[in-house]
A.B. asks: 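Supplied in structure tokens, the structure appears directly below.
Because the structure is a prediction, the values reported are computed rather than measured. Lettering follows sequence order; numbering is per chain, from 1.
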Amino acid sequence: MKKLSRYRRHKFAAPALIIAALISLGTTFSIASALPNAQHMAVTSQSTLIEEGKQIFARGCSSCHGLNAEGGSIAPSLIGVGAASVDFQVGTGRMPMADMSQQAMRKKPAYTEAETAALAAYVASLAPGPASVTNEQLTFERDGNVAQGGELFRTNCAMCHNFAAQGGALSLGKYAPTLMGVEPKQIYEAMITGPQSMPVFSDKTITPSEKLSIIKWIKAAQNEPSLGGASLGRVGPVTEGLLIWTLGLGLLVGVAVWLTMKAR
Amino acid sequence: MSSSKERVAGNVAGYVDDRTGAAKWLKKNLTKVFPDHWSFMLGEIALYSFIILLLSGVFLTFWFVPSQQDVIYTGSYAPLSNVPMSAAYASTLHISFDIRGGLLMRQIHHWAALLFMAAIVVHLLRVFFTGAFRKPREFNWLIGVGLVTLGIVEGFLGYSLPDDLLSGTGIRIAEAILQAIPVVGSYLAFFAFGGAFPGHVFIPRIFMVHILLLPGIFLALITIHLMLVWYQKHTQYPGPGRTEKNVVGYPLMPVYMAKAGGFFFIVFGITAFLGAVASINPIWLYGPYTPGQISAGSQPDWYMGWLDGLVRMSPPIETHAFGHTISWNILIPGLILPGILFTGMALYPFIESWITGDKREHHLLDRPRNVPNRTALGVMSLTFIMISLINGGNDIIATHFHLTINDIMWFTRIGLFTLPPIAFVITKRICLSLQRADRDLVLHGKESGRLVMMANGEFVEIHEPISAEKAWTLTQHEQPEALALGTADSNGIPAAKGLKAKLRARMSQANAEQIQTPTETEAKELEGGHH
Amino acid sequence: MSNELQKFSDPGLPEHIHRKADTDPAAAKKAERQVAILFALSAIGTIVLIGSYIFVKPNKFVFLPIMGDTNVQQALLGVGLAMSTFFIGMAAVHWGKTLMDDREVVAERHEFRSPESDRADFVATVKEQGAMAGLGRRTLIKRSMGVALGLVGLSPLVLLRDIGPLPKKQLETTSWKAGTRLVTDPGDRPIKPADLEVGAVAQVLPELIPGTERTLENVGKDAVLLIRLRPEDFNLNAERLSWTHDGIIAFSKICSHMGCAVALYEQQTKHLLCPCHQSTFDVTRAAKVIFGPAARPLPQLALTLDADGYLVAKQPFTEPVGPSFWERSS
């Protein structure tokens, strides 16, 4: 301010002030007049989004989930599953399913982000359910505690997804997928929606801040360096045993054969 | 110059003999002869990995804290900072991340342990399949069975010490096995753990057993094992010039010393290489143990894997009677089956000599094909273990090969009873056809690859006779003759132990089922016929 | 028959074939150089080891294919140690193979069985010693000695008695009592039924009595899994149904087989799977075993609400939790 006040007696001070005042007046007015208009646009865009989602749904999903997402003999009802569920299932490429196998696999998403958002909006409009997770919610870098996340992960997640988030077997051919390469948003949505075999982790039993800690720990696990050398898949002693019988004993028997061979 | 060196050597030898009078003994033993064959080095791998275990183990004890006291972790591994854990787990993290070379030593120690057990097993298989356990080496076989059993226990205790989530789960299962023992089970469990599981005394107790009691027993048994090998002289494979009365090979000094001593360093080098490049037991990822947590795919190390596989495939049988519970689903796979297996293994030399009636000394090894029943029995037992081992890793197999744990479980449940007998039959057939191939080779020579057209237009491949050395190697063995079924003795009293005698006769007949070894007479006759 | 046939005869040891290095001094010189190179490689390994110990920072990482982000010090220390030992071994073996005398030696074996006269002497000595000791005659000594030796084995057993307490009722009891609140693990927050959506699970422990601490021994018996289903999904008898609350059901998390934590809940099939031995329990039928080695269902914890609307245990577990033991009556 001191700096600015130095110029107040400058010969251009008066015209400059007038121009500045005019500009600010104009901007304020234009913003003020635009405000109700923007609200109106948001409403209409929301309804067009739902409409768009409904069309995509009719084309791509209704053959299994029913015309009004009421479910069918081979697929569950989607009424009340919420936007988060759609965002997770479609965003990770699990839906639409490639074939009627035991479990939907993660693959390249079939729909763009905009189409996914439209589908989510449509399903969310049917009945209230968990909303999609926004980036503003994912403050795990700032709010997460990695050690606490590890404890929560080992109590709530490791029994299916393994101690290093590498995934594991469930009964009858189902499996808990690896969490390597899974986006924080998708992890969060999986916890609140409980996709497929996975149970729901309610916000009261694992609070949102605890969920952020879990995500922070999973991110750390995804970036875990090879502290002791090649990781061997981080699935426990099975691969270690395999390595000692193949590479370890193989090398040594090779040396033993060389050692006892007569030199030429 | 060389003369002065010789003088020094002479002086040293003289100095030693002046004080021990061992000149004759030393001369004899420094020229001890050892036969050379790669399969004779397998036991050495086990011995050397044991030495590596002692060296790396001593390193680890300098920092390991064998205590279950609760501490808060403050070391340099960030994902665990301020997590409450036992002092044992915290000190293992300290060794891994705050001691230079600590993680390397931990990994060398663990790799050496896996190698120790693997080498023991292949050594044991070599001894079994070549009949090296026969008289006079039964004691060494028994010591070997003792060593492999103790090795399993020692390994289990070792990987339980860090008190991480995986090892704690293993101890939990061990406690359940203890607890399942009828009558005294709960008492044994409470005594072992100093109260309810997990308690605070278990780590210090198994630490003592792991670093003092069992290594001491190992040292004693290995010493006796080696002294017996030394005293009885090594067995050798059959071949020209090799008889039951001699041993052909290299003298201890210097050739064998250079090779065997060098081999120790090679084993060390390869173990260190594994420790450098391959992660093993990353305890920092498992997290500290608490009974309320578990990881998918919780398995033991491979030498326990078959036991875990047996436990997994067990049917759900429990008996509840008179206010008591007997858990057959734990006792049978966890104690009874392994007990039968190891007892059978220990007694095998005596059973075989009872069947064959052979009480002579044997120093020449069998070629496995020439003893089809033994070989088939070995492959059968291996098949049993392999199927159990597969089931021990069924969850990992399921996720990596897109199978279901339930299918693998049913496959192994059925396979455990059907596949070993099939393996027996197939192995026996293979042995007999190999014998037949040997016979053809000796009598008809080897195919030369040269074709000759006969007068009648037929093409015939020329066979070249094999060398006398080869012919001897393929025909030197004896073939067993079937023992006659115990007939009535001179007093007309039928053989007393009817069933036992019948069993013995039946098995001895099975042993006699062989392809007749070719003889020189036959070979000459054939030669005469051809020309 | 076999007597008539002439077996092949042993042609004896084959003639020794000399190595190149035995006859050709140049080859011998070459072998010597090779051995020296191998020893030199070992020395380089030791230098790598020492250098990386002193000069490489423990927190330095470098990306390597297959290995990923690798800790430089750990890898170099290991490779250095591996080189330094491996090449000493290779050098010694190569030396032994190429330059040391490789003519095979024949040693005769001695028979282990002693000559008959020695054996007879031995037996006689043993008998004589036995007679001198008078064991055969003095039955009183023999018997009392047997008793004493038998009893001496008892002392270590007695001395080891204090190794642990008697189990008493510890295997049968847990910390759950009527009215104990269920709290989250970790977090220790009490739970209201509305906190759980259908399909939700929660890992729970009994609320701590103020002034006490939660030990691992407690967790090992008290850990409970809380699951919410649709009430119509249950297929329970009236008593067990009354132990649930509005679709919420609780089971001991400690496996009835070998005590692992059975926390692996499959929401669609409503099965609980134990990752240790793959026993599978059907939640809708009171954790009935439908696959695997477990012989008993997981004990169910009866639930109700307290005055504040929080979930509490209606009563303690009605059977011991965890693996079976001899004294278990059902």
A.B. asks: Does any backbone or side-chain atom of A:Leu232 lie under 4.5 Å from a heavy atom of chain C? Answer side chain, backbone, both or neither.
C.D. replies: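 Neither the backbone nor the side chain of A:Leu232 comes within 4.5 Å of chain C.
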
A.B. asks: Counting heavy atoms not belonging to C:Glu232, are there more than 12 under 6.0 Å from its CD?
C.D. replies: yes

A.B. asks: Determine the option with the most heavy-atom pairs under 4.5 angstrom with chain A, choosing from C:Lys192, C:Arg189, C:His18.
C.D. replies: C:Arg189

A.B. asks: Considering only heavy atoms, which portion of C:Val198 lies under 4.5 Å from any heavy atom of chain A: side chain, backbone, both, or neither?
C.D. replies: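 For C:Val198, the backbone is the part near chain A, not the side chain.
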
A.B. asks: Select, from C:Val93, C:Val204, C:Ile227, the one with the greatest count of heavy-atom pairs under 4.5 Å involving chain A.
C.D. replies: C:Val93

A.B. asks: Determine the minimum heavy-atom distance between A:Pro225 and C:Phe61, stating which atoms define it.
C.D. replies: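 That would be CB-CE2, 3.6 Å.
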
A.B. asks: Rounded at 0.5 Å granularity, tell me how far CG in A:Leu172 sits from OG1 in C:Thr280.
C.D. replies: 7.5 Å

A.B. asks: When only pairs under 4.5 Å are counted, which of C:Ala202, C:Pro275, C:Gly68, C:Ala263 shares the most heavy-atom pairs with chain A?
C.D. replies: C:Ala263

A.B. asks: Sort out for me which of A:Ala263, A:Ser226, A:Ala230, A:Ala158 touches chain C most, counting heavy-atom pairs under 4.5 Å.
C.D. replies: A:Ser226

A.B. asks: Between the side chain of C:Gln267 and the main-chain N/O of A:Gly194, is any donor-acceptor distance below 3.5 Å?
C.D. replies: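 Present.
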
A.B. asks: If you take all heavy atoms of C:Ile191 and A:Thr205, which pair is closest and at what distance?
C.D. replies: CD1-CG2, 4.2 Å

A.B. asks: Taking C:Gln203 for the side chain and A:Asn156 for the main chain, is one N or O donor matched with an acceptor at less than 3.5 Å?
C.D. replies: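 Judged by distance alone, no pair lies under 3.5 Å.
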
A.B. asks: Does a donor on one side chain sit under 3.5 Å from an acceptor on the other, for A:Ser171 and C:Gln278?
C.D. replies: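 Judged by distance alone, the side chains do not pair up.
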
A.B. asks: How many angstroms lie between CD in C:Gln268 and NZ in A:Lys174, if you round to the nearest 0.5 Å?
C.D. replies: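 Reported value, rounded in 0.5 Å steps: 8.0 Å.
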
A.B. asks: So which residue, C:Met67, C:Lys97, C:Arg19, ends up with the most heavy-atom pairs under 4.5 Å with chain A?
C.D. replies: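 Of C:Met67, C:Lys97, C:Arg19, C:Lys97 has the most heavy-atom pairs under 4.5 Å with chain A.
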
A.B. asks: What's the spacing between C:Phe86 CZ and A:Leu251 CG if we round to 0.5 Å?
C.D. replies: 7.5 Å

A.B. asks: Please look at C:Leu264 and chain A and tell me whether the side chain, the backbone, both or neither of the residue comes under 4.5 angstrom of a heavy atom of that chain.
C.D. replies: both

A.B. asks: Closest heavy-atom contact between C:Lys253 and A:Thr155?
C.D. replies: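 Looks like NZ-CG2, 4.2 Å.
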
A.B. asks: Please classify the contact of A:Thr207 with chain C as side chain, backbone, both or neither, using a heavy-atom distance under 4.5 Å.
C.D. replies: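 For A:Thr207, the contact with chain C is made by backbone and side chain together.
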
A.B. asks: Would A:Lys204 and C:Glu197 count as a salt bridge (Lys or Arg N to Asp or Glu O under 4.0 Å) here? Give the steps.
C.D. replies: CA-CA 10 Å; A:Lys204 287 287 166 48; C:Glu197 294 96 339; over 6 Å; no

A.B. asks: What is the minimum heavy-atom distance between C:Ile17 and A:Lys262, and which atoms define it?
C.D. replies: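 Smallest interatomic distance, heavy atoms only, reads O-NZ, 3.4 Å.
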
A.B. asks: Taking every heavy-atom pair that is under 4.5 Å apart, which of C:Asp22, C:Asp69, C:Asp185 has the most such pairs with chain A?
C.D. replies: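 Highest number of heavy-atom pairs under 4.5 Å: C:Asp69.
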
A.B. asks: Please classify the contact between A:Ala169 and chain C as side chain, backbone, both or neither, with a heavy-atom cut-off of under 4.5 Å.
C.D. replies: backbone

A.B. asks: Can you tell which part of C:Leu196 gets under 4.5 Å to a heavy atom of chain A, answering side chain, backbone, both or neither?
C.D. replies: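 Contact with chain A is through both the backbone and side chain of C:Leu196.
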
A.B. asks: To the nearest 0.5 angstrom, please state how far the CD1 atom of C:Ile66 sits from the OG atom of A:Ser231.
C.D. replies: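 Rounded to the nearest 0.5 Å, the CD1-OG separation comes out at 11.0 Å.
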
A.B. asks: Provide the closest heavy-atom pair for C:Ala200 versus A:Ser202 in the form atom of the first, atom of the second, distance.
C.D. replies: CB-OG, 3.4 Å

A.B. asks: Does atom NZ of A:Lys107 have more than 12 heavy-atom neighbours, drawn from other residues, nucleotides or ligands, at distances under 6.0 Å?
C.D. replies: yes

A.B. asks: For A:Gln148, which atoms come within 4.5 Å of any heavy atom of chain C: side chain, backbone, both, or neither?
C.D. replies: neither

